[in-house]
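These notes are about the structure you will find just below.
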There are 2 protein chains.
Amino acid sequence: MKTPKQTKKNSIQELAKALRLSPATISRVLNNHPHVHTTTRNRVMAFVEKTGYTRNIMASGLRTNRTNAVGLIVPRFSMFMHTEVITTIQSGLHAHGYNLIICQSNDSLDMEKDLARTLYASRVDAVIAACTLSTADFSHFDILTENDIPVLFYDRVPVQPYNACIVKGDDFRGGFIAASHLIQLGCKRISYLSGSLTCNIYIDRYAGFEKAMMQHKMAIRKDWVFYQELTADNARKAMYRLFAKAPFPDAIMAANDVTAIAVLEYAKEVGIKIPEDLRIVGYSNDPRSAIITPSITTIEQFPANIGQVIVTEVLKRLKGDVGSEVLYPEPIIVPVELIRRMST
Amino acid sequence: MKTPKQTKKNSIQELAKALRLSPATISRVLNNHPHVHTTTRNRVMAFVEKTGYTRNIMASGLRTNRTNAVGLIVPRFSMFMHTEVITTIQSGLHAHGYNLIICQSNDSLDMEKDLARTLYASRVDAVIAACTLSTADFSHFDILTENDIPVLFYDRVPVQPYNACIVKGDDFRGGFIAASHLIQLGCKRISYLSGSLTCNIYIDRYAGFEKAMMQHKMAIRKDWVFYQELTADNARKAMYRLFAKAPFPDAIMAANDVTAIAVLEYAKEVGIKIPEDLRIVGYSNDPRSAIITPSITTIEQFPANIGQVIVTEVLKRLKGDVGSEVLYPEPIIVPVELIRRMST
DNA sequence: TTGAAAGCGCTAACAT
DNA sequence: ATGTTAGCGCTTTCAA
């Protein structure tokens with residue numbers, strides 16, 4: 001802004017001309033190639049420093065077929081869990097010189113398809129994705145894998161084998177320990193508010209719940225299990241039905257904290273005492289679950305750990321440490337933990 | 001994955017060869033140039049569809065000097081306000097064919113400098129930034145403006161004139177209406193927990209507070225105003241000092257909700273009744289402020305509106321509707337609103 | 001309406 | 001240790 005409009009080309013050619021060197025030498029310096037004389041290197045570095053030259057990534061990317069960018073697709077990054085994961089991934093990748101291109105599918109399959117394609121057009125070096133609730137067919141990611149762009153899924157991941165790295169929280173165990181916790185507290189009439197069973201996370205959490213119930217020889221009442229979109233509204237409707245006529249449940253297990261919070265608020269409104277009359281367990285340790293009164297027992301998924309694992313895995317693949325020989329790798333499971341609070 | 005490894009080059013040349021056309025014609029079709037025969041266009045489109053050809057953005061970017069990518073720098077995107085703004089920006093830009101490269105400075109000035117440079121290296125078409133608390137000198141953004149890459153600041157913005165578009169919430173008014181609200185409720189002894197006055201948002205909010213106090217001829221007690229990093233810990237320390245000896249304040253105005261929440265929790269712990277003994281106002285309508293008991297009165301900044309304004313402004317600049325003739329544009333101020341809740 | 005050719009800025013053989 | 005040269009895939013004059 002101070003200096004008058006420079007017609008500086010800001011290219012390696014300009015540097016070469018000014019320093020009476022060839023572009024190749026400049027390039028070598030910039031890329032830390034070994035066979036460059038120290039004097040030359042210093043001369044170049046000094047000049048680069050002085051002029052503020054910054055390499056054009058598009059040009060080098062075109063040549064080398066690498067962009068130093070990683071694409072990320074999430075349903076919504078305002079979802080607490082994703083916010084945390086993304087934070088970790090962005091920082092981790094930046095430390096290794098990668099940019100992160102972040103996209104949201106808004107839980108729309110069409111958008112997700114569009115985004116996979118867009119990211120391919122950008123020739124990102126890798127793609128990380130948490131899919132929509134309705135993604136059952138994952139072939140729109142084929143364009144990436146076919147062109148040797150590694151794909152990593154996390155959270156909502158393919159149920160069928162797919163040629164991609166998979167990272168997820170231990171949803172089965174999460175469901176299991178949440179249910180076991182309630183059972184150990186003496187709850188006899190447990191209702192479960194699940195998401196749709198098209199999505200792996202709800203399948204697994206439910207399976208964990210089922211296992212715990214079976215282990216304790218407790219019957220699962222069909223009309224006490226709900227499979228629905230996990231909105232506050234749906235949670236309230238479920239509560240209304242559950243408490244329409246006795247016997248009433250003595251515990252609600254919710255497949256996420258949004259639902260648990262809605263359940264709690266409904267209970268407070270209609271005068272059901274928590275935890276005396278009804279115990280509540282949520283899932284994912286949303287910050288609000290800690291702050292509400294009474295605070296809600298929930299499952300911590302350690303999103304920062306998930307993010308860290310993803311960073312490690314994606315870097316491996318970017319560095320070529322993982323060949324394409326491993327076609328259908330085993331999912332990586334990140335441990336979860338029960339956080340006990342006042343609602344139980 | 002189904003088909004055997006194709007040696008398809010996936011380039012315009014290949015399409016040209018297959019269709020017995022020149023690369024130029026393919027390019028014209030892809031870019032919707034007018035002078036192409038409809039038959040040819042259809043033939044090309046059909047083939048593109050069939051083969052799944054996707055243009056290499058790096059190559060076209062190198063040629064045209066555009067990347068269809070916008071860079072974004074925020075302190076942390078886990079901060080509620082930014083999460084919302086980013087959500088809006090990403091969706092808005094995607095609808096116009098732009099990718100968003102999202103970076104976090106972690107409130108570190110060095111990181112911010114690094115990121116500005118990285119984004120220039122990527123030759124993004126524009127940069128949107130919410131600065132760190134300590135950014136006072138903005139010259140690290142010069143490399144962008146000098147190279148005609150438009151820069152837009154929001155939230156934490158330059159205090160001095162800078163050649164960039166500036167969008168922000170009406171912090172002055174926010175501070176003013178929050179304080180006025182307390183005064184109208186009859187509060188006589190208002191304490192203000194501010195962030196450091198190096199940052200425009202805290203300067204403005206404080207100024208609003210000051211104006212309201214002056215308007216009502218109320219003195220501001222120096223030892224009841226704190227300028228500190230807005231952490232829960234600092235908030236608790238401030239509370240401890242405020243309630244160490246009488247007279248005690250009858251209202252706390254906090255420059256953000258994290259602080260307001262910490263104040264409320266401290267008050268509950270030590271048995272100060274809210275709102276009878278102490279009224280509390282926060283800032284920014286963090287979701288937790290609505291859910292805590294009692295819920296906290298706060299200032300809504302409408303982050304989605306801020307995001308929308310940013311999208312509009314950045315698109316204007318990307319389309320070249322805003323020439324560089326407007327060097328130091330007036331900031332765009334997005335209205336705020338008081339949300340009254342139980343804490344007052 | 002279409003094609004030929006040059007070139008965006010960089011890197012990597014190959015040559016010296 | 002350095003230079004020469006070709007080309008990554010695309011767009012855009014200019015010419016036909």
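In what follows, chains carry the letters A, B, and so on, assigned in the order in which the sequence lines appear, proteins first and then strands, with residues in each chain numbered from 1. Note: hydrogens, waters and symmetry copies are ignored here, and every other heavy atom, side chains too, is used.
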- N or O in side chain of S22(B) less than 4.0 angstrom from dT2(C) OP1/OP2: no
- Considering only heavy side-chain atoms of S11(B), the closest of dT2(D), dG9(C), dC10(D) is dC10(D)
- Message: I want to verify a distance call: between dT2(D), dC10(C), dC10(D), whose nearest atom is closest to the V36(A) side chain?
- Response: dT2(D)
Whether the [X] and [Y] side chains hold a donor-acceptor pair (N or O, under 3.5 Å, no angle test) is what I'd like checked.
{"X": "N163(B)", "Y": "T145(B)", "result": "no"}
{"X": "T132(B)", "Y": "T135(B)", "result": "yes"}
{"X": "S139(B)", "Y": "D137(B)", "result": "yes"}

Give every pair of a protein N or O atom and an N or O atom of nucleotides 12-16 of chain C that lie under 3.5 Å apart, one pair per line with the distance.
unit_1, atom_1, unit_2, atom_2, d
dA12(C), O4', R63(A), NH2, 3.4
dA13(C), N6, R28(A), NH2, 3.4

Name each donor-acceptor pair under 3.5 Å that joins a side chain in residues 55-62 of chain B to protein atoms two or more places apart or in another chain, with its distance.
unit_1, atom_1, unit_2, atom_2, d
N56(B), OD1, M58(B), N, 2.8
N56(B), OD1, A59(B), N, 3.2
S60(B), OG, I57(B), O, 3.3

d([atom1], [X]; [atom2], [N]) in whole Å:
{"X": "L62(A)", "N": "dG7(C)", "atom1": "CG", "atom2": "P", "answer": "17 Å"}
{"X": "I26(B)", "N": "dC10(D)", "atom1": "CD1", "atom2": "P", "answer": "10 Å"}
{"X": "I12(A)", "N": "dT11(C)", "atom1": "CD1", "atom2": "C1'", "answer": "8 Å"}
{"X": "L15(B)", "N": "dC10(D)", "atom1": "CG", "atom2": "P", "answer": "8 Å"}
{"X": "R66(A)", "N": "dG9(C)", "atom1": "CZ", "atom2": "P", "answer": "22 Å"}
{"X": "N65(A)", "N": "dG7(D)", "atom1": "CG", "atom2": "C1'", "answer": "13 Å"}
{"X": "N32(A)", "N": "dT11(C)", "atom1": "CG", "atom2": "C1'", "answer": "15 Å"}
{"X": "M58(A)", "N": "dG7(C)", "atom1": "CE", "atom2": "C1'", "answer": "14 Å"}

Using the test side-chain contact (heavy atoms from CB on, under 4.5 Å), find all partners of [X] that sit at least two apart in sequence or belong to another chain.
{"X": "S27(B)", "answer": "I12(B), N31(B)"}
{"X": "R317(B)", "answer": "P150(B), L152(B), C165(B), E313(B), V322(B)"}
{"X": "N65(A)", "answer": "none"}

Donor-acceptor list for residues 91-101 of chain B side chains, cut-off 3.5 Å, not counting sequence neighbours:
unit_1, atom_1, unit_2, atom_2, d
S91(B), OG, T87(B), O, 3.2
H94(B), NE2, D114(A), OD2, 3.0
Y98(B), OH, R66(B), NH2, 3.0
N99(B), ND2, S122(A), OG, 2.9

- Item | Counterpart residues, salt bridge (charged side-chain N to carboxylate O under 4.0 Å, His left out), relative to D107(A) (two or more places apart) | R76(A), R156(A)
What is the nucleic acid contact for [X], judged by heavy atoms within less than 4.0 Å: base, sugar-phosphate only, or nothing?
{"X": "H37(B)", "result": "sugar-phosphate"}
{"X": "L30(B)", "result": "nothing"}
{"X": "R20(A)", "result": "sugar-phosphate"}

- Under the side chain to side chain donor-acceptor pair (under 3.5 Å) test, residues paired with K113(A) that sit two or more places apart: none
- Query: For residues 38-47 of chain A, which residues have at least one heavy atom under 4.0 Å from DNA chain D?
  - Reply: T40(A)
- Contacts of F153(B) meeting ring-ring contact (aromatic ring centres under 6.0 Å, His included) (sequence neighbours excluded), chain-then-number -> F138(B), F141(B), Y162(B)
- Task: Go through the structure and list residues passing ring-ring contact (aromatic ring centres under 6.0 Å, His included) with Y53(B), not counting sequence neighbours.
- Result: none
- Bend angle of the helix from dT1(C)-dA16(D) to dT16(C)-dA1(D), end axes from five pairs each (to 10°): 30°
- Hey, which of these two, P34(B) or R55(A), hits DNA chain C nearer its 5' end, going by closest nucleotide? P34(B)
